[in-house]
Colleague: 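This is the structure I want to talk about, given as structure tokens.
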Amino acid sequence: MARSELTQRIIDRLRAIPKGTVATYGGIAAASGNPRGARTVVWVLNSASRAEALPWHRVVNRRGGISLSPGRGYELQRALLESEGVEFDERGRIDLDRFGWDYLR
DNA sequence: AACCTGACTTCGG
DNA sequence: TCCGAAGCCAGGT
């Protein structure tokens, strides 16, 4: 299966997210060339996170929250992030100013 | 080619 | 800040 240019770039960006930091779906998409490709990032995570050994747990939504619902990955993702030092507030959200990786700089 | 699926995002109320 | 509607994207059917 030939991967689109956007898909390949997204994979490269995902691999570059440093341990202990998080990136947003839209941020990864923007840094990969298409600011509106957030949903493509989701697609990539669902179709190649295992085969490409991607750090899928380091991707959160724009509000710094985990998008996976409880019972379908939320607990695991949160545990993995906390084990890397990422902190969650009482509302279950991450302060992107502290842990968000600014891959654009 | 039309239609559907997602771990999304922005906008308006 | 919360909610729904609408927009967007690649790949699969």
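Quick caveat: nothing in here was measured; it's all calculated off a predicted structure. Below, chains carry the letters A, B, ... as their sequence lines are ordered, and counting in each starts from 1.
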Colleague: Nearest-Å distance, CZ (A/R9) to P (C/dA10)?
Modeller: 13 Å

Colleague: With rounding to the nearest 0.5 Å, note down the distance linking CZ in A/R3 to CD in A/E52.
Modeller: 4.5 Å

Colleague: Do the side chains of A/R15 and A/L54 get nearer than 4.5 Å, heavy atoms only?
Modeller: yes

Colleague: Are any of A/N46's side-chain N or O atoms less than 4.0 Å away from OP1 or OP2 of B/dA7?
Modeller: yes

Colleague: CD of A/Q8 versus C1' of C/dG11: gap in Å, rounded?
Modeller: 15 Å

Colleague: With a 4.0 Å cut-off on heavy atoms, is A/R93 in touch with a base, just the backbone sugar-phosphate, or nothing at all?
Modeller: sugar-phosphate

Colleague: Give the nucleotide from the list B/dT9, C/dG7, B/dA7 with an atom nearest to the side chain of A/R39.
Modeller: C/dG7

Colleague: Quick one: are A/F99 and A/V60 in side-chain contact, heavy atoms under 4.5 Å?
Modeller: no

Colleague: How long is the line joining OH of A/Y25 and P of B/dT9, in whole Å?
Modeller: 7 Å

Colleague: Measure from the side chain of A/R72, starting at C-beta and using heavy atoms only, and say which of C/dA10, B/dA7, C/dC8 lies closest.
Modeller: B/dA7

Colleague: Figure out the NE2/P separation between A/H57 and B/dA7, and round it to whole Å.
Modeller: 18 Å

Colleague: Could you tell me the separation between the CZ atom of A/R58 and the C1' atom of B/dA7, rounded to a whole number of Å?
Modeller: 16 Å

Colleague: CD1 of A/I10 versus P of B/dC8: gap in Å, rounded?
Modeller: 14 Å

Colleague: Shortest non-hydrogen contact from A/A23 to A/I28?
Modeller: CB-CD1, 3.8 Å

Colleague: Could you tell me whether A/R91 contacts a base, only the sugar-phosphate backbone, or nothing, with contacts defined as non-hydrogen atoms closer than 4.0 Å?
Modeller: sugar-phosphate

Colleague: Working to the nearest 0.5 angstrom, can you tell me the gap between A/I66 CD1 and A/L81 CG?
Modeller: 5.5 Å

Colleague: Just the rounded figure in Å: distance from P of B/dA7 to CD1 of A/I17.
Modeller: 17 Å

Colleague: Report yes if a side-chain nitrogen or oxygen of A/T7 is closer than 4.0 Å to either non-bridging phosphate oxygen (OP1 or OP2) of C/dG11; otherwise report no.
Modeller: yes

Colleague: Sticking with atom C1', work out how far B/dA7 lies from C/dT13, rounded to a whole angstrom.
Modeller: 22 Å

Colleague: Taking CG from A/L68 and P from B/dC8, how many angstroms apart are they, rounded to a whole number?
Modeller: 8 Å

